[in-house]
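Here is the structure we will look at.
Bear in mind the structure is a predicted one, so any value in this text is a computation, not a measurement. Each chain gets a letter, A, B and so on, in the order the sequences are listed, and its residues count up from 1. These values consider heavy atoms only, across backbone and side chains, with no hydrogens, waters or symmetry-generated copies.
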2 protein chains.
Amino acid sequence: MAARPDNTHQARLLRLLRDEGARSRAELGEVVQLSRSKLALELDRLVTLGLVESAGLAVSRGGRRSGIMRVASRVRFVGIDIGATSIDVAVTNGELEVLGHLSTPADVRDGPAIILDQALELLGKLRAKGVATEINGAGIGLPGPVSFREGMPIAPPIMPGWDRFPVLEAMSQELRCPVLVDNDVNVMALGESHAGLARSVDNFLLVKIGTGIGCGIVVNGEIYRGVSGSAGDIGHIRVDDRGPTCSCGNTGCLEALFGGTALARDAVVAARSGRSPFLAERLSETGALTAQDVAAAATAGDAVAGQMIREGGRHIGKVLASLVSFFNPGLVIIAGEVADLGHILLAQIRSVVYQRSLPLATGNLPIVLSELGGTAGVIGATRLISDHVFSGTHA
Amino acid sequence: MAARPDNTHQARLLRLLRDEGARSRAELGEVVQLSRSKLALELDRLVTLGLVESAGLAVSRGGRRSGIMRVASRVRFVGIDIGATSIDVAVTNGELEVLGHLSTPADVRDGPAIILDQALELLGKLRAKGVATEINGAGIGLPGPVSFREGMPIAPPIMPGWDRFPVLEAMSQELRCPVLVDNDVNVMALGESHAGLARSVDNFLLVKIGTGIGCGIVVNGEIYRGVSGSAGDIGHIRVDDRGPTCSCGNTGCLEALFGGTALARDAVVAARSGRSPFLAERLSETGALTAQDVAAAATAGDAVAGQMIREGGRHIGKVLASLVSFFNPGLVIIAGEVADLGHILLAQIRSVVYQRSLPLATGNLPIVLSELGGTAGVIGATRLISDHVFSGTHA
DNA sequence: TCACTTCTGCCTTTCAGTGGACAAAGTCCG
DNA sequence: CGGACTTTGTCCACTGAAAGGCAGAAGTGA
């Protein structure tokens, strides 16, 4: 079934039904400026394609009841969010409502064969539950630089073995449906733009602080990827001339000062030195420390942990202040595991940004934590592929 | 004469004729995918509107000779580039070739009434020479934040008295033609995108180092202005925690370290302290020093001046390295008076950026000096308004 | 039950665009 | 120099799509 719309009107109708939910024919006619005959024609075609279906009658507005149209209830999109240490897979309907969501810990360094197999396995479990039969498209987010056009990772630092592996090709053959592959940060930004706080904002930034640090850039409602697809790669901006050495070879990179890895490293140091009893206890219990432990310590009132977070917030704030002056966004979202550090971090970032950027740029600039959390990635992935499938941009 | 095209085809034809020059009807037919009859129809309409005219016959391609079409020779656009210390006015034909260009020193702090009058006076002189009778549109660049939609400056730091002055309204009434107003840096970026090194680059940055420091951002061939129009305002990014106090109140701003004003200030200090005999002599000759004097000193082999430029280049490079990582542009252009400092500056900037940004972003990233120099602004201004007039985006 | 409203499907009218035919204007070759 | 072939521009009949009128279906309220 080559269920692809073939014109702009159909694309508009599909996106409207996806984002605003079911709508009566009469309402659709008022929103999109089309004659009744044209509207009926295009809707008929979409019904024939199997992308739209009628769903009973609307309540009367004083006369004959109008027929309700919606995205076909059998439409299914798959979102796959591969992180450095986890895999998330979700299945949504045509309105991008999550019907099923599974997650599993995984080490991306195991390579594409193993990791993609695990993702397919999760999808298999969801299918076994009956949430999906046929799949209309799948979006995939990967934790590193991706060539969007080619659908493959390019020299990813934390994903050895993935370099130039044809993820798009492999997965579209496996799933027999359209597939798009993008950077996980971009995918999260799309998720926030679709279902999160950025819904009404055209230009915004999403800063993800996970194992590494990246930034999704949305311009005019669309992901900006730069000329070689590496836009938003802010983890290696230098913030401290005398900082620690980073995996990239330079010193003082943002990521080396406050990524998940850096935070864990500093936490271990603090525990061993005896400056933080809380972290020392955790370390002896579990044998390792993560960003979550630091968050827990700070919440429990541990001074050293609090100081670590404030310090990190200052570094993020410094970089963000520059980017805000440069990009003048309407919103900044902080996301990623480390975002669990919560309001201590947020307060520090806000204070630095508001102090260092010009009033014209910060005057009406909310800086917020992601509301979607772990689902932003998978939702964004389905949004990515649904935009593609609904646009009729043929492969 | 409401000479506005009314559809996309006409806009495409006009832009093609503007950017690629006169073309035979046959060639136009091959480039835009239109049937011969439709093409003839649209061209006829454009001729009726007075925007296009025929210009003789092309050489034969083996059969009947084709008729050449071009943008009407009577079409005139005006570009006005108001800088902190100068006014440039140029008149171009419909292909944006400069027919006349006048420049005068001026102090923007004299306020809108005086400055805009001076600009109109320059335009009057050009008209007196006969380069223009009727004017189809005018673009204006101003040295500060501009609300593009409203066509007026918003809280400009170096333009007291201009705040919310309705430049667009005033000038369009005066000139009786469509007018657009934008930040001078954006306008320069458009100029480089039209006639400079950025012609084939979709995403690039133009860093202007003049009295202040600003950055024009081009995304997908169009100026990105941000949500409140202040995007690219990089002059007040902090680069040195212990730097001098800036006019904005913060310390260590890029602009306070290496703007034209800062450079002149440092030059005077160097001259008075006796460390630079060259600058001392210049100072005693003219009673003041500018960026040009520093450039001259460096060229003459003055060690202190060279050091000042290298130091400045390092600061610019630091900021630029961050922006390159973030934005992943295909080109960076250095422009402004201070760009006269030339290759010493450029070499320093390149060295810092290439060292500090990731290979994926810098792999194919030229960093160059502006070729257009002083004309980038006026050309960009005419490009701005011609895009508007040719698009049929009615006022 | 009746007057009125809203909504949809059908049908006719209208119109812009296409593509072919034809004439005009050249080239090329014997 | 003339005829065959090529390219270009215009004219026109045809086509397909969109708009809008009309009528019937389906509702409300008195």
Side-chain angles (χ1 to χ4, degrees), chain A residues 4-17 20-72 391-392 394, chain B residues 4-17 20-72 391-392 394:
Chain A
R4 296 284 177 73
D6 65 344
N7 67 45
T8 334
H9 297 309
Q10 294 180 8
R12 262 186 80 193
L13 287 169
L14 282 168
R15 274 200 278 261
L16 201 71
L17 290 175
E20 312 285 327
R23 272 262 182 299
S24 73
R25 299 173 90 101
E27 278 178 297
L28 283 176
E30 285 162 22
V31 177
V32 302
Q33 221 49 347
L34 294 176
S35 70
R36 288 189 316 255
S37 22
K38 171 99 176 127
L39 178 66
L41 182 69
E42 299 294 6
L43 284 176
D44 265 4
R45 284 181 187 157
L46 289 174
V47 169
T48 311
L49 286 172
L51 292 175
V52 161
E53 66 192 12
S54 67
L57 297 173
V59 293
S60 167
R61 293 200 293 182
R64 174 176 170 175
R65 295 165 66 188
S66 182
I68 292 180
M69 305 303 290
R70 67 168 173 225
V71 180
S391 304
H394 295 60
Chain B
R4 295 287 177 72
D6 64 344
N7 67 44
T8 333
H9 297 308
Q10 294 180 8
R12 262 186 80 193
L13 288 169
L14 283 169
R15 274 200 278 260
L16 202 70
L17 291 175
E20 312 283 327
R23 272 259 181 303
S24 74
R25 299 172 89 103
E27 279 179 297
L28 284 175
E30 285 161 20
V31 176
V32 302
Q33 220 49 347
L34 293 176
S35 67
R36 279 184 301 181
S37 14
K38 172 107 176 117
L39 178 67
L41 181 69
E42 299 294 5
L43 284 176
D44 264 4
R45 285 181 187 155
L46 289 174
V47 169
T48 310
L49 286 173
L51 291 175
V52 161
E53 67 193 10
S54 69
L57 297 172
V59 292
S60 167
R61 293 199 298 181
R64 174 175 171 176
R65 294 166 67 189
S66 183
I68 292 180
M69 304 303 290
R70 68 170 172 222
V71 180
S391 304
H394 295 59

Rounded distance (nearest 0.5 Å) linking atom CG of Leu17(A) with atom CD1 of Ile68(A): 11.0 Å
Residues Glu42(A) and Arg36(A) bridged, charged N to O under 4.0 Å: no
Whole-Å gap separating P (dC10(C)) and CG (Leu39(A)): 15 Å
Touch class at under 4.0 angstrom, heavy-atom based, for Gly67(A) against every strand present: sugar-phosphate
N/O donor-acceptor pair, side chain Arg36(B) with base dG9(D), under 3.5 angstrom: yes
Exercise: do Ser391(B) and Arg15(B) side chains pair donor with acceptor under 3.5 Å: yes
Check: Ala58(A) main-chain N/O paired with Arg65(A) side-chain donor or acceptor under 3.5 Å: yes
Donor-acceptor pair under 3.5 Å, Arg25(A) side chain vs dG9(C) base: no
Per Ser66(B) side chain, nearest of listed nucleotides dA18(D), dT10(D), dG9(D): dG9(D)
Between P of dT7(D) and CG of Leu28(B), the distance in whole Å: 18 Å
For atom CG of Asp44(B) and atom P of dG9(D), their distance in whole Å: 12 Å
Nearest-angstrom distance from the residue atom NE2 of His9(A) to P of dA17(D): 12 Å
Earlier contact from the 5' end, DNA chain C, for Leu41(B) and Ser60(B): Leu41(B)
Whole-Å distance separating the CZ atom of Arg61(A) from the P atom of dT28(D): 14 Å
Minimum-distance nucleotide to Arg64(B) side chain [options: dC22(D), dG9(D), dT27(C)]: dG9(D)
Main-chain N/O of Met69(B) paired to Ser54(B) side chain as donor or acceptor, under 3.5 Å: no
Sugar-phosphate, base or nothing in reach of Ser37(A), heavy atoms under 4.0 Å: base
Length of the line joining Glu30(A):CD and dT6(C):P, which is rounded to integer Å: 11 Å
Rounded distance (Å) that lies between atom C1' of dG21(D) and atom NZ of Lys38(A): 20 Å
Which residue lies more 5' along DNA chain D, comparing Ser24(B) with Gly62(A) via nearest heavy atoms: Ser24(B)
Arg65(B) CZ - dG26(C) C1' separation (whole Å): 9 Å
Toward the 5' end of DNA chain D, by each residue's nearest nucleotide, Leu34(A) or Gly63(A): Leu34(A)
